[in-house]
Amino acid sequence: MLFPPELVEHIVSFLPVKDVVALGQTCHYFHDVCDAEGVWRRICRRLSPRIRDQGVDTKGLYFQAFGGRRRCLSKSVAPMLAHGYRRFLPTKDHVFILDYVGTLFFLKNALVSSTLGQIQWKRACRYVVLCRGAKDFASDPRCDTVYRKYLYVLATREQPAVVGSTGSRACDCVEVYLQSSGQRVFKMTFHHSMSFKQIVLVGQETQRALLLLTEEGKIYSLVVNETQLDQPRSYTVQLVLRKVSRCLPHLRVTCMASNQSSTLYITGWGFIPRTQVPKAAELRAPAPPDQGGVYFEVHTPGVYRDLFGTLQAFDPLDHQMPLALSLPAKVLFCALGYNHLGLVDEFGRIFMQGNNRYGQLGTGDKMDRGEPTQVHYLQRPIALWCGLNHSLVLSQTSDFSKELLGCGCGAGGRLPGWPKGSASFVKLHIKGECLYMLSSHDIEQCPAYRDLPASRVGGSPEPSQGAGAPQDPGGTAQACEEYLSQIHSCPTLQDRMEKMKEIVGWMPLMAAQKDFFWEALDMLQRAAAGGGPGTSTPES
């Protein structure tokens with residue numbers, strides 16, 4: 001039900017700020033009670049000083065550079081009219097934000113005047129609305145933002161009525177924008193009978209494949225040449241059904257992930273954290289055998305060898321043939337890097353697979369894995385992300401605080417606080433204010449993990465053991481012996497301290513306990529470093 005704009009503005013002017021915030025949460029960011037944008041713009045401006053005076057906690061956007069000379073935290077402009085933050089995407093020059101009502105914001109970098117009167121370059125200091133009615137958007141799937149020249153936006157647009165029809169129709173389309181200026185350079189419109197919900201890109205610029213996921217779980221694809229998009233001309237592209245939907249027509253794909261040379265599909269209830277999350281009741285219900293399955297497309301032999309450790313089943317003439325990954329449980333969500341991947345199942349277990357040259361699998365070593373391997377010390381993540389040669393996990397501790405963990409290559413600020421990298425997931429040293437920006441998840445839609453049955457918990461005693469046999473849940477004693485062995489193998493005291501920090505990150509401790517041990521080890525390291533040069537010599 002929509003109220004007159006004048007009535008809403010009059011009511012809000014008399015409400016305390018906290019009541020207005022509660023009203024906004026109840027009415028889904030105010031949009032259900034009034035759709036007059038001008039009214040809400042005036043209300044936001046009016047509430048700003050009242051929110052500051054009454055001390056109501058508000059969210060802002062912060063930018064923290066992890067590489068380069070300046071690594072300080074700076075406040076970015078926050079789109080005042082954004083209905084939450086659904087997804088972020090940094091490009092070479094700017095940042096794009098999609099909210100929950102389909103508005104895509106364009107956060108620009110610009111030259112601004114500093115407090116000292118100097119002109120300086122500032123990230124994300126101005127914003128404009130790029131477009132509305134957006135469902136999803138994507139750019140070059142490579143990790144380096146320098147390749148993200150174009151932004152592909154999946155949106156819904158009203159098409160004018162044609163001869164013989166009664167009125168206009170809503171049709172899905174893909175609009176292509178230049179990331180540098182926000183100018184639209186290309187648009188392709190689909191038939192009104194086709195409705196899509198996700199778009200991903202795969203391939204190189206000259207053979208860029210757009211994969212589109214329909215509401216019914218089918219995958220369609222089309223190919224464009226990015227090098228010709230800026231040329232003012234019109235041409236027709238062919239939309240075809242992807243092989244995974246042709247060969248396996250019974251499968252209903254729920255989400256996709258891609259990089260430049262491979263694509264991953266999840267069937268059934270799978271999800272990506274920024275979109276829909278299965279409800280707890282849905283997870284408790286019996287699942288069809290194809291729900292939560294994972295299928296893979298690998299287009300180059302090098303990536304195939306990194307992921308599976310062999311080229312035995314690779315077909316260079318048929319890159320679209322879907323390959324099934326075998327897991328003991330249903331997969332909820334996934335992450336796909338250049339040559340490694342991560343999966344999270346219905347019990348909250350994390351499985352990693354692929355190249356492990358930099359320790360990006362978080363298994364504690366640098367051995368490649370040709371099949372999904374569980375990371376035993378880390379469970380029930382909120383979000384998982386795989387990059388070029390490092391991985392990140394957003395987790396929630398028992399006291400409901402959030403922490404960001406990472407593993408793999410630490411060069412260039414990839415793992416803040418761990419410049420040498422780590423072969424295990426360790427807590428990253430980042431500012432808390434920008435943690436939610438990295439996660440970009442809905443706090444009311446966390447994954448509804450199931451409890452692992454007792455018969456499948458690692459370390460449970462075998463049935464043949466007697467009642468009085470000693471038990472070691474999770475193999476704790478064996479793990480501690482391995483940790484001591486690793487510490488003993490370090491040649492110097494400083495190396496042993498660093499290894500101990502890693503081990504603290506592996507252990508199933510509360511966030512406050514980990515922080516305590518890390519701070520204590522830092523103090524001991526500093527004291528040892530100042531005690532004399534003898535700490536850097538090998539110990540007998």
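For the numbers below, each heavy atom of this structure counts, side chains included, while hydrogens, waters and symmetry mates do not. For the single chain, residues carry numbers from 1 onward in sequence order.
Counting heavy atoms from C-beta outward, V303 and Y338 have side chains that approach closer than 4.5 Å. Here the side chains of L384 and L392 are not in contact, with every heavy-atom distance at 4.5 Å or above. Counting heavy atoms from C-beta outward, L394 and E403 have side chains that stay 4.5 Å or more apart. M352 places a side-chain heavy atom less than 4.5 Å from the side chain of H340. Within the 4.5 Å cutoff, side-chain heavy atoms of L343 are placed close to those of L341. For the pair S262 and V202, the minimum side-chain heavy-atom distance is 4.5 Å or more. Contact check for Q360 versus N355: side-chain heavy atoms found under the 4.5 Å cut-off. Side-chain contact between L222 and M188 is present, with at least one heavy-atom pair separated by less than 4.5 Å.
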Q.
side-chain contact (heavy atoms from CB on, under 4.5 Å) for L151 and L104? Distances and angles first, verdict last.
A. CA-CA 11 Å; L151 194 73; L104 187 59; 3.9 Å; yes

Q | Verdict with reasoning, E226 to Y152, per side-chain hydrogen bond (donor to acceptor under 3.5 Å, both in side chains) | A | CA-CA 11 Å; E226 274 192 4; Y152 295 76; 2.8 Å; yes

Q: For the pair L211 and Q198, evaluate side-chain contact (heavy atoms from CB on, under 4.5 Å) and give the outcome as yes or no after the intermediate values.
A: CA-CA 8 Å; L211 305 187; Q198 187 187 357; over 6 Å; no

Q | Worked check of side-chain contact (heavy atoms from CB on, under 4.5 Å) between H390 and Y358 | A | CA-CA 7 Å; H390 70 295; Y358 297 92; over 6 Å; no

Q: Walk me through it: do L241 and I219 pass the test side-chain contact (heavy atoms from CB on, under 4.5 Å)?
A: CA-CA 6 Å; L241 193 64; I219 307 292; 6.0 Å; no

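Ring pair Y220/F196 is perpendicular by interplanar angle, where above 60° counts as perpendicular and below 30° as parallel. Ring orientation note: the planes of F308 and Y304 are tilted relative to one another, at an angle of 30° to 60°.
Of the inter-residue distances, the one linking L154 atom CG with L210 atom CG reads 9.5 Å to the nearest 0.5 angstrom. Within the model, atoms CG of L404 and CH2 of W385 stand 10.5 Å from one another, a figure rounded to the nearest 0.5 Å. Between the CZ atom of R349 and the CG atom of L332 there is a distance of 11.0 Å, given to the nearest 0.5 Å. In this structure, the separation between CZ on R242 and CG on L239 is 11.5 Å, given to the nearest 0.5 Å. Atom OH of Y100 and atom NE2 of H83 lie 13.5 Å apart (nearest 0.5 Å). Here K420 contributes atom NZ and E498 contributes atom CD; the two are 6.5 Å apart, rounded to the nearest 0.5 Å.
The closest donor-acceptor contact from the side chain of S258 to the backbone of L201 lies under 3.5 Å. With hydrogens and angles disregarded, a donor-acceptor distance shorter than 3.5 Å links the side chain of Y377 to the backbone of F425. Listed for the Q207 side chain is no donor-acceptor partner under 3.5 Å among the backbone atoms of V224. The backbone N or O of V426 sits nowhere less than 3.5 Å from a side-chain atom of S422 that would complete a donor-acceptor pair. Judged purely by atom type and a 3.5 angstrom limit, H94 has no side-chain atom pairing as donor or acceptor with the backbone of T91. In this structure a side-chain-to-backbone donor-acceptor pair under 3.5 Å is present from R414 to A411. Here the side chain of R369 pairs no donor or acceptor atom with the backbone of N356 at under 3.5 angstrom. Of the possible donor and acceptor atoms, none in the side chain of D306 sits under 3.5 Å from a partner among the backbone N and O of G309. Side-chain atoms of T267 never come within 3.5 Å of backbone atoms of V253 as a donor-acceptor pair (strictly under, hydrogens ignored). One N or O on the side chain of T373 and one on the backbone of E371 form a donor-acceptor pair closer than 3.5 Å.
The existence of a salt bridge linking R142 and E205 is confirmed by a sub-4.0 Å separation between a basic side-chain nitrogen and an acidic carboxylate oxygen. Salt bridge D365/R357: absent, no basic N to carboxylate O contact under 4.0 Å. Salt-bridge annotation for D172 and K135: present, with a side-chain N of the basic residue lying under 4.0 Å from a carboxylate O of the acidic one. Note on E175 versus R157: salt bridge recorded, some NZ/NE/NH1/NH2 to OD/OE distance being below 4.0 Å. Ionic pairing of D140 and R208 is present here: one or more N-O contacts between side-chain nitrogen and carboxylate oxygen are shorter than 4.0 angstrom. For K243 and D318, the salt-bridge test passes: some basic side-chain N is under 4.0 Å from an acidic carboxylate O. Taking the charged nitrogens against the carboxylate oxygens, K330 and E346 have no contact shorter than 4.0 Å, which rules out a salt bridge.
In this structure, F96 has its ring center closer than 6.0 angstrom to the ring center of F106.
Within a 6.0 Å sphere centred on OH of Y147, other residues, nucleotides and ligands contribute 12 heavy atoms or fewer. Applying the 6.0 Å contact sphere to CD of Q228 captures more than 12 heavy atoms from other residues, nucleotides or ligands.
The shortest non-hydrogen separation linking C131 to Y177 is CB-OH, 3.5 Å. Of all non-hydrogen atoms in A329 and F347, the two that sit nearest each other are CB-CE1, 3.7 Å. Looking at every heavy atom in both residues, V294 comes nearest to V331 through CG2-CG2, 3.4 Å. For the pair P381 and V344, the tightest heavy-atom approach, listed with the atom from each and the gap, is CG-CG2, 3.7 Å. The minimum heavy-atom distance between A134 and V153, with the atom names listed, is CB-CG1, 3.8 Å. Across G362 and V375, no two heavy atoms sit closer than the pair O-CG1, 3.7 Å.
Of the N and O atoms on the side chains of E297 and Y265, at least one donor lies less than 3.5 Å from an acceptor on the other residue.
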